[in-house]
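Scroll down for the structure; my scribbles are underneath it.
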There are 2 protein chains.
Amino acid sequence: MGKSRFLGEFEQFVLLAILRLGEQAYGTTIRQILLDVIQRDVSIGALYTTLTRLEDKGLIRSAMGEATAKRGGRAKKFFEITAEGKQALQETRQSLDAMWRDVKLTFVGVK
Amino acid sequence: MGKSRFLGEFEQFVLLAILRLGEQAYGTTIRQILLDVIQRDVSIGALYTTLTRLEDKGLIRSAMGEATAKRGGRAKKFFEITAEGKQALQETRQSLDAMWRDVKLTFVGVK
DNA sequence: GTAATTTATTCTACAAAGTAAAACTAATAA
DNA sequence: TTATTAGTTTTACTTTGTAGAATAAATTAC
């Protein structure tokens, strides 16, 4: 058992974002982390599509937060990564590490 | 300048395979490296599709080898990574590293 | 109390990347 | 001159990536 499918490139980033946000992972914060940490500016709609797919695949789960009541706004949907999600992330990372091993990129760097 | 597009998940692996094969990178060997190093068994057709797209994007270049003449068989098409390809690889890696930083995966490991 | 305003999620649609299977090419060996 | 072998191309379809508009639900200002 264990389907061992590959994670898409963006899926990986989203999973990592959720992981580092912990309790605070929902649409807006995930989007913001991606922007802050890797300067990736993705539309909120694009993000939710990926979140939905990740949940369908069982790599994350979600729970609606209670109405926060601060100044307008709808209830948040919080996400957390499942054991399967962690495993998928780890496997992808290990594969990447294995492929990078001994590869030296003689590269002049970004100007 | 520098479009800074994101590399797909499989594209990354193919670029790395080419890098580690050096002079010997062509269809069959690339496929084999992927199988050996990360146990990823992709059809040869799938691989060529990706190679073609990577070349279209300027991340690799190719050159036909002369007819080897050993025991039948058609001439090989050798691939090598371009400066742009290296840069794309490096950027993707840096983003991943940045996202992984401080993330600890308390994870029990694969049974 | 109802019309803005705010914060958030869902829907719709399409482009790009992943993937396999079958077709094709061009050599050498029988 | 036909198998056989080693290799590349084509075709077709599924999955992922992505944006933009629509919708939802709460709060505050009149």
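Not measured: the values here are computed from a predicted model. We name chains A, B, ... by the order of the sequence lines, and we start the count at 1 in each one.
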Under 4.0 Å between any heavy atoms, over every strand shown, what does B/Gly8 touch: base, sugar-phosphate, or nothing? Just pick one.
sugar-phosphate
Heavy atoms only, 4.0 Å cut-off, all strands: where does B/Arg31 land among base, sugar-phosphate and nothing?
nothing
Separation of atom CZ in B/Arg53 from atom P in D/dG17, rounded to whole Å
14 Å
Measure from the side chain of B/Ser43, starting at C-beta and using heavy atoms only, and say which of C/dT19, C/dC24, D/dA19 lies closest.
C/dT19
To the nearest angstrom, the CG-C1' distance between B/Leu59 and C/dA17 comes to 13 Å
Between CZ of B/Phe13 and C1' of C/dT19 the distance, given in whole Å, is 15 Å
Pairwise 5' ranking along DNA chain C for A/Phe79 and A/Thr49, keeping only the more 5' one
A/Phe79
B/Phe10 has a side chain; which of C/dA20, C/dG18, D/dA19 sits nearest to it?
C/dG18
Closest heavy-atom pair, A/Arg31 versus A/Leu47, reported as atoms and distance to 0.1 Å, is N-CD2, 3.7 Å
If you only use heavy atoms from C-beta on, which nucleotide in D/dG20, C/dG18, D/dT16 is closest to the side chain of B/Thr50?
C/dG18
Under 4.5 Å between any side-chain heavy atoms of B/Ile33 and B/Phe13, yes or no?
no
Using distance alone, with no hydrogens and no angle criterion, decide if A/Thr29 and A/Gln24 have a side-chain donor and acceptor under 3.5 Å apart.
no
For A/Leu47, which contact category applies under a 4.0 Å heavy-atom criterion: base, sugar-phosphate, or nothing?
nothing
Which of the following nucleotides, C/dG18, D/dA19, D/dT9, is nearest to the side chain of B/Glu9?
C/dG18
If I take atom CD in residue B/Glu11 and atom P in nucleotide C/dA15, what distance separates them, rounded to the nearest angstrom?
18 Å
Is the phosphate of D/dA6, meaning OP1 or OP2, less than 4.0 Å from a side-chain N or O of B/Thr28?
no
Is A/Lys76 close enough to D/dA25 that one of its side-chain N or O atoms is under 4.0 Å from OP1 or OP2 there?
no
Could you give the OH-to-C1' distance, from A/Tyr26 to C/dT6, as a whole number of Å?
12 Å
Taking only the side-chain nitrogens and oxygens of B/Lys57, find out if one of them lies under 4.0 Å from OP1 or OP2 of C/dA17.
yes
Please check if the side chain of A/Thr82 supplies one atom and the backbone of A/Leu59 the other of a donor-acceptor pair under 3.5 Å.
yes
When we call it a touch if two heavy atoms are under 4.0 Å apart, what does B/Thr52 touch: a base, just sugar-phosphate, or nothing?
nothing
Using atom CG of B/Leu54 as one end and atom C1' of C/dA17 as the other, report the distance to the nearest whole Å.
10 Å
Atom pair distance, as rounded to whole Å: CG in A/Leu51 and C1' in D/dT16
13 Å
Would one find a side-chain N or O of B/Arg40 under 4.0 angstrom from OP1 or OP2 of C/dT19?
yes
Starting from P on C/dA17, measure out to CD on A/Gln12 and report it in whole angstrom.
16 Å
A/Glu23 atom CD, neighbour heavy-atom count above 12 within 6.0 Å
no
Same cluster or not: are B/Leu89 and B/Val14 linked, directly or through other Ile, Leu, Val, Met, Phe, Trp or Tyr residues, by side-chain heavy atoms under 4.5 angstrom apart?
yes
